[in-house]
Trainee: 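Sending over a structure as structure tokens; questions will come in a sec.
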Amino acid sequence: MAHTRVRFAPSPTGPLHIGGLRTALYNYLFARQTGGTFILRIEDTDQTRYVPGAEQYILESLAWAGIQPDEGPRAGGDYAPYRQSERKHIYRKYAEQLIASGHAYYAFDTPQELEARREQARQAGNHNFKYDSSVRLEMRNSLTLPAEEVARLIESGAPYVVRLKVPRGEMITFRDRIRGEVQFHSEELDDKVLLKSDGMPTYHLANVVDDYLMKITHVIRGEEWLPSTGHHVLLYRAFGWTLHMPEFAHLPLILKPNGKGKLSKRDGVRLGIPVFPLAWQGDTPEDSFAGFREFGFLPEAVVNFLAFLGWNPGTDQEVFTLDELCRAFSLDKVSKGGARFDFDKARWFNQQHILRMDSRELARRVRPWIEKYGPQPDEDYLVAFCELMKERVTLLPDFWTEGYYFFVPVQQYDEAAIKKRWKPERRPAMEGLVAALENLTDWTAEAIGQTIKQYLTDHGLKFGDVLPFVRLALAGTMKGPGVNEMIALLGKETTLQRLRAGLDLFDRLVTASVESAD
Ligand code: GLU
């Protein structure tokens with residue numbers, strides 16, 4: 001088989017939707033797996049929809065997800081430039097080639113004339129007027145006007161577009177890698193504009209010409225492009241490039257969490273969930289969104305989650321690294337039906353990736369989420385903290401909310417728990433424990449555990465008599481990691497200081513509540 005070349009071809013019309021990132025991912029996985037090349041091509045020929053910053057956003061999203069293009073605007077490559085606006089000069093020649101071979105024509109119909117024609121169709125009950133083979137001979141174009149008139153109009157600078165002359169009565173059949181055989185009847189297809197009056201190509205022309213010139217072997221893209229593929233196949237035929245036609249694979253839609261309809265950015269706002277990889281700052285607050293990154297997702301987890309939106313390996317394994325996905329992925333296991341966006345599942349993947357991540361690496365990812373609040377922890381301390389907390393968190397900000405007390409004093413005590421459990425008679429037992437810990441020199445979780453156990457046995461106490469208070473004094477809450485590990489990490493000084501301060505606080509709280517009850 002020829003060397004595989006696939007492309008991700010986004011239009012910079014806004015932030016990259018999570019579905020776009022999935023398309024990029026599937027292309028990337030397919031390229032890696034087949035030892036091929038993954039190309040990024042920016043399709044920015046539609047000036048009216050161009051959004052500044054969107055290309056930068058796309059590049060950053062791919063970099064964040066770890067799906068780096070082998071060729072593209074930044075990476076360069078033998079087929080540069082990879083931005084269609086820098087390839088403008090290429091497309092006209094191809095449009096003219098199609099006119100010369102009788103597969104396309106000039107159309108001079110003005111917007112007013114087209115509107116009048118549309119109105120006429122509406123009056124006749126047709127609300128879906130199409131410029132196609134059934135009407136083109138009634139329109140003002142190079143098929144109906146005498147050659148001299150066409151030449152004169154062009155000479156005089158009259159605005160025109162170039163349209164594809166869709167043949168009549170043909171079946172257009174192609175095999176989609178995911179959907180099997182797909183057929184269009186040429187009568188269903190309109191005479192698509194290929195070159196616009198501003199001289200810019202439309203998506204259809206630029207896309208096909210570039211796929212051909214860049215030697216693309218497989219077109220893997222979203223299902224919304226399936227209806228355009230009939231036109232694309234016709235273009236390959238018209239150019240005489242059928243032997244170079246790529247294999248098509250149209251990916252299933254990503255559906256709303258309730259499974260009803262396509263996931264939209266409005267669903268993100270409505271449900272308070274991210275539908276973009278990174279934050280996007282639009283012109284208005286309504287057009288600004290947090291992304292998976294800002295919610296505290298690891299890119300590894302997002303990639304894993306996205307891989308499963310429309311694909312599964314056919315085994316029980318769910319947690320995959322990007323490398324593992326490259327090996328396991330197969331276009332043949334991509335489903336036809338829409339894939340439901342399940343945010344809880346995304347959170348689950350994040351939890352799994354946090355759990356599996358090497359603690360030193362995890363510490364690197366967690367650091368900004370801690371430093372945001374001021375502390376600048378020592379590296380080894382942060383690694384030990386991550387090791388201790390990773391079983392207890394889902395998203396990266398949870399490291400702070402669940403474990404801030406490892407960096408700053410306790411800010412909130414679970415007063416209800418204290419009032420319910422604390423009795424001033426317990427104080428001597430607690431003070432004895434503080435003293436036992438004070439004598440300990442080997443400050444490891446193991447030695448701490450033994451010291452506590454020994455102390456309890458010696459004094460005929462149960463774990464429940466003291467440990468809840470140790471937790472409450474050290475962390476303000478009954479939740480958290482194992483108490484021995486907690487004490488070890490906090491260090492001797494902080495532990496003893498918090499235990500002593502805790503006892504005073506407990507007494508105060510309980511006395512205060514007794515007084516207020518009086
Ligand atoms: N520029 C199109 C988009 O924005 C590309 C579709 C395709 O991959 O052919 O998605």
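Note that the structure is a prediction, hence the values are computed from the model and not measured. Values below: every heavy atom of this structure, side chains too, minus hydrogens, waters and symmetry copies. Counting starts at 1 for both ligands and their atoms, following the listed order.
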Trainee: Pick one: which of R177, R179, E223, R221 meets side-chain hydrogen bond (donor to acceptor under 3.5 Å, both in side chains) with H250?
Mentor: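 Of the listed options, the one satisfying the test is R221.
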Trainee: How far is atom 4 (O) of ligand 1 from its nearest protein heavy atom, and which residue and atom is that?
Mentor: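 In this structure, atom 4 (O) of ligand 1 has S11 OG, 3.0 Å as its nearest protein heavy atom.
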Trainee: Between R365 and E300, is there a salt bridge with N-O shorter than 4.0 Å?
Mentor: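 Yes, charged N to carboxylate O under 4.0 Å.
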Trainee: Suppose we call two aromatic rings close when their centres sit under 6.0 Å apart. Are F329 and Y26 close by that rule?
Mentor: yes
Trainee: Identify, for atom 5 (C) of ligand 1, the protein heavy atom at the shortest distance, and state residue, atom and that distance.
Mentor: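 For this ligand atom, the closest protein heavy atom is A9 O, 3.1 Å.
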Trainee: Assess the side chains of T202 and K196: does a donor N or O sit below 3.5 Å from an acceptor N or O?
Mentor: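 No pair is found: no donor N or O on one side chain lies under 3.5 Å from an acceptor on the other.
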Trainee: Give the numbers and elements of all ligand 1 atoms closer than 4.0 Å to a heavy atom of R7.
Mentor: 7 (C), 8 (O), 9 (O)
Trainee: Can you list the ligand 1 atoms lying under 4.0 Å from a non-hydrogen atom of E43?
Mentor: 1 (N), 2 (C), 5 (C)
Trainee: Passes salt bridge (charged side-chain N to carboxylate O under 4.0 Å, His left out), D210 versus K215? Steps please.
Mentor: CA-CA 8 Å; D210 282 346; K215 297 200 167 53; over 6 Å; no
Trainee: Would you check the N or O atoms of P10, main chain and side chain alike, for any that come under 3.5 Å of an N or O of ligand 1?
Mentor: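 No, since none of the N or O atoms of P10 sits under 3.5 Å from an N or O of ligand 1.
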Trainee: With heavy-atom distances below 4.0 Å as the criterion, list the atoms of ligand 1 near Y203.
Mentor: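 Checking each atom against Y203, I get 2 (C), 5 (C), 6 (C), 7 (C), 9 (O).
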Trainee: Who's the nearest protein heavy-atom neighbour of atom 3 (C) of ligand 1, and how far?
Mentor: W225 CZ2, 3.4 Å
Trainee: Which label fits H204 and H231: parallel for a plane angle under 30°, tilted from 30 to 60°, or perpendicular past 60°?
Mentor: tilted
Trainee: Counting from 1, what ligand 1 atoms have a heavy atom of N207 closer than 4.0 Å?
Mentor: 7 (C), 9 (O)
